[in-house]
Amino acid sequence: MSRIVVDPVTRIEGHLRIEAEVDGGVVKDAWSSSTMFRGVELILKGRDPRDAWAFAQRICGVCTTVHAIASIRAVENAIGSQPPPNARLLRNLIIASQCVQDHVIHFYHLHALDWVDIVSALSADPAKTASLQQSISDWPLSSPTYFAGVRDRVKAFVDRGQLGPFANAYWGHPAYKLPPEANLMALAHYLEALDWQRDFIRMHAVLGGKNPHLQSFLVGGMATPIDPNSQAAINAGTIAGLKELIVKARDFVTRVYVPDLLAVASFYKDWAGHGQGVGNYLVYGEYPMDDGPKPALFLPAGVIRSRDLTHVEPFDPSKVTEYVTHSWYEYQQGDGTALHPLQGETSPHYTGPTPPYEHLDTEKKYSWLKSPRYDDLPMEVGPLSRTLVAYASGHARVKALVDAVLHKLGVGPEALFSTLGRVAARGIETQVLAEEIEDWVDGLAANIAAGDLRIHDNSKWEPSSWPAEATGAGFHEAPRGALGHWVHIKNGLIGNYQIVVPSTWNAGPRDAKGQRGPYEQALMNTPVADPKQPVEILRTVHSFDPCMACGVHVVDAMGDELVSVRAV
């Protein structure tokens with residue numbers, strides 16, 4: 001039996017270490033460790049709750065808006081603020097556009113290279129690549145000349161010994177199955193997606209002032225002005241511009257991303273049998289469709305246990321807890337205790353080895369991530385969970401797309417519970433949101449036409465209107481899954497703040513009962529052809545789209561400066 005260490009896991013945000021025991025060519029055990037500390041919860045203590053979102057949003061530069069909206073919702077829930085309809089629509093547009101862009105980036109720029117052999121693409125026949133492209137989609141960039149140009153551009157990198165973004169991979173690994181022509185097609189779309197995502201995310205600049213960290217959120221609503229008679233506000237021209245961006249985005253998703261996903265997946269159907277994970281799925285729900293304290297949600301909330309698609313139970317916020325048994329934290333009540341986030345503690349206590357080290361002591365504490373549990377069970381969160389809950393809840397469009405994908409690939413519903421299932425679910429969700437997002441623009445336009453320009457609820461803005469003490473929770477379905485912020489407000493200031501992020505749910509270590517987290521469980525029985533090139537481990541880990549920066553942040557115990565950034 002050999003012990004494999006993948007550290008750092010690349011093509012993710014933040015620092016993640018995977019240790020795995022491999023015997024007979026398969027993973028027999030695995031440990032997931034995040035190797036930086038997060039201090040944002042401590043930074044927020046004592047601050048004005050209305051400012052929390054601006055700090056929390058900077059937890060990550062990739063997830064951008066997700067912590068802002070969860071923080072805003074937590075404070076609104078605590079003080080009883082209800083944003084007006086236009087604020088709801090603006091928020092839906094911002095977070096949905098983030099999700100669509102993020103999923104496309106993940107497929108092409110973070111995950112595709114686990115399945116696509118870039119070097120193999122250099123031997124492709126451009127004419128055959130064009131024929132393959134035209135057989136799966138009517139995307140206009142499909143001529144032999146076009147693909148020859150892409151091949152020659154990348155070949156020039158290789159000939160100079162400069163693979164650029166394609167360096168440090170396992171090219172030529174026997175686990176790659178795509179023919180050269182499919183590799184060249186995916187490579188071309190990798191490059192196209194770079195331009196596409198940069199164009200589409202202009203929605204954030206329009207609605208939020210900038211990207212990645214938007215400036216337009218407010219407790220009680222939004223700061224994005226709406227005025228049909230002002231060029232400095234959302235008006236008819238803005239609406240038309242948003243629609244143009246959405247149409248272009250939907251076109252790329254429908255004619256490039258989804259066909260590519262299905263084409264690649266058709267060569268890797270065996271991966272429907274790998275990466276099953278814990279089999280429990282948690283969804284907070286997202287995209288309120290009306291106004292009020294308990295709005296209908298476009299993507300429903302719910303919990304699925306033991307892969308049972310015949311029953312979706314309601315989400316109960318009181319059942320969320322966190323362990324620190326194998327985490328570099330300590331609880332006053334003891335490390336075997338599970339605390340609800342409203343009673344949560346952030347008390348760092350590092351007891352691990354001094355870097356550099358060969359192995360972690362996984363019998364003790366081995367990660368800066370806590371171990372979230374729902375009703376004392378590990379839960380997978382993310383696009384697969386949302387797709388499964390929506391499918392099992394009877395969401396018409398999700399159900400139609402899931403059934404179509406299963407039919408296209410010639411696999412049954414059980415294929416969803418896998419590494420391949422996560423990849424497919426992300427594409428299905430992207431298609432659903434790319435279709436729905438225009439309706440929210442239409443809703444905004446209808447409100448403007450009716451003279452409703454409200455963007456903020458001022459009634460709860462002043463702390464004098466708040467109770468002396470209040471608690472609140474803000475839930476959001478971030479691209480990577482269920483995100484929760486919990487706040488305790490006392491005398492107008494933050495007394496305690498706790499954040500449970502998607503990658504904490506998925507990447508967290510074992511709990512007091514020894515239950516593995518989703519990453520750890522999903523790696524069980526994964527085939528590994530070459531322990532020195534464990535691309536198979538990366539396939540399953542990347543299928544979750546890790547974002548460790550959300551879960552942990554680096555800090556120097558002596559308070560010394562770690563890096564200096566100068567703006568020029």
List the atom of Asp114, the atom of Val535, and the distance in Å for their closest heavy-atom pair.
O-CG2, 3.9 Å

Mark yes or no for whether Thr387, through its side chain, and Pro383, through its backbone, hold a donor-acceptor pair below 3.5 Å.
yes

With side chains defined as the heavy atoms from C-beta onward, is the minimum distance between Pro534 and Tyr170 less than 4.5 Å?
yes

Evaluate the side-chain proximity of Val264 to Val423: yes if any heavy-atom separation is below 4.5 Å, no if none is.
no

Can you tell whether the side chains of Arg516 and Asp29 come within less than 4.0 Å, N to carboxylate O?
yes

Check for a donor-acceptor pair, side chain of Tyr268 on one end and backbone N or O of Lys177 on the other, with a separation under 3.5 Å.
yes

Would you say that more than 12 heavy atoms from the other residues, nucleotides or ligands in this model lie under 6.0 Å from the NZ of Lys210, or not?
yes

CZ (Arg202) and CD (Gln197) are apart, to the nearest 0.5 Å, by 12.5 Å

Within the 3.5 Å criterion, strictly below it, is a donor on Tyr391 or Asp403 matched to an acceptor on the partner's side chain?
yes

Taking the six-membered ring of Trp31 as reference, does the NZ or CZ atom of Arg3 fall below 6.0 Å from its centre and within a 45° cone about the axis?
yes

Counting C-beta onward and ignoring hydrogens, is there a side-chain heavy-atom pair between Glu380 and Leu282 closer than 4.5 Å?
no

Pair Gln431-His103, side-chain donor/acceptor within less than 3.5 Å:
no

Distance check, rounded to the nearest 0.5 Å: Gln133 atom CD versus Asp260 atom CG?
7.0 Å

Passes side-chain contact (heavy atoms from CB on, under 4.5 Å), Glu41 versus Ile499? Steps please.
CA-CA 7 Å; Glu41 293 161 334; Ile499 305 167; 3.8 Å; yes

Quick one: CG on Leu523 to CD on Glu536, what's the gap to the nearest 0.5 Å?
11.0 Å

Closest approach of Val303 and Met379, non-hydrogen atoms and distance?
CG1-CE, 3.8 Å

Are Trp505 and Glu322 close enough that a side-chain donor and a side-chain acceptor fall under 3.5 Å?
no

In terms of relative ring orientation, are Phe200 and Trp196 parallel, tilted or perpendicular, with 30° and 60° separating the classes?
parallel

Taking the side chain as everything from C-beta on, heavy atoms only, tell me whether Trp139 gets closer than 4.5 Å to His189.
yes

Ring-face cation of Arg422 near Phe544 (centre distance under 6.0 Å, axis angle within 45°)
yes

Distance check, rounded to the nearest 0.5 Å: Asn183 atom CG versus Phe267 atom CZ?
9.0 Å

Between Arg17 and Val9, is there a side-chain heavy-atom distance shorter than 4.5 Å?
no

Heavy-atom side-chain contact between Pro509 and Lys365 under 4.5 Å
no

When the ring planes of Phe298 and His395 are compared, do they come out parallel, tilted or perpendicular, using 30° and 60° as the limits?
perpendicular

For Trp115 together with Tyr176, are the ring centres under 6.0 Å from each other?
no

For the aromatic rings, using the six-membered ring if either is Trp, is the centroid distance between Phe166 and Phe157 under 6.0 Å?
no

Minimum heavy-atom separation for Leu369 to Ser34, with atom names?
CG-CB, 3.6 Å

Can you name the residues that form a side-chain hydrogen bond (donor to acceptor under 3.5 Å, both in side chains) with Thr430, not counting sequence neighbours?
none

Taking the cut-offs as 6.0 angstrom to the six-membered ring centre and 45 degrees off its axis, would you call Arg250 and Phe252 a cation-pi pair?
no

Start with the C-alpha gap between Trp328 and Tyr366, add the side-chain angles, then the distance that decides, and say whether ring-ring contact (aromatic ring centres under 6.0 Å, His included) holds.
CA-CA 7 Å; Trp328 289 311; Tyr366 60 89; 7.8 Å; no

Hey, is Lys248 close enough to Asp251 for a salt bridge, meaning N to O under 4.0 Å?
no

Within the 4.5 Å heavy-atom criterion, are Val40 and Arg58 side-chain neighbours or not?
no

So which atom in Leu483 and which in Ala478 form the shortest heavy-atom distance, rounded to 0.1 Å?
CB-CB, 4.4 Å

Hits for salt bridge (charged side-chain N to carboxylate O under 4.0 Å, His left out) against Lys155, two or more places apart or cross-chain, chain-then-number order -> Asp159

Could you go through His476 and Tyr284, starting from their C-alpha distance and side-chain angles, then the distance that decides it, and tell me whether this counts as ring-ring contact (aromatic ring centres under 6.0 Å, His included)?
CA-CA 7 Å; His476 168 50; Tyr284 291 157; 9.6 Å; no

For His542 and His111, take the angle between the two ring planes, folded into 0 to 90°, and tell me which bin it lands in: parallel under 30, tilted 30 to 60, perpendicular over 60.
perpendicular

Taking atom types as modelled, is there a side-chain donor on Thr419 or Thr540 under 3.5 Å from an acceptor on the other?
yes

Ser306 side, atom OG; Leu377 side, atom CG - distance, nearest 0.5 Å
7.5 Å

Atom pair CG (Leu388) and CD1 (Ile304), whose distance is rounded to the nearest 0.5 Å
5.0 Å

Can you tell me if Lys128 has over 12 outside heavy atoms packed within less than 6.0 Å of its NZ?
no

Could you tell me whether the side chain of Arg510 reaches within less than 4.5 Å of the side chain of Ser371, counting heavy atoms only?
no

Quick one: do the His204 and Ser97 side chains pair a donor with an acceptor below 3.5 Å?
yes

Run the side chain to side chain contact (heavy atoms under 4.5 Å, CB included) test against Val150 and tell me which residues pass, sequence neighbours left out.
Tyr146, Leu184, Leu187, Ala188, Leu191

Carefully, step by step, assess Ser137 and Val256 under the rule side-chain contact (heavy atoms from CB on, under 4.5 Å).
CA-CA 7 Å; Ser137 169; Val256 181; 5.6 Å; no

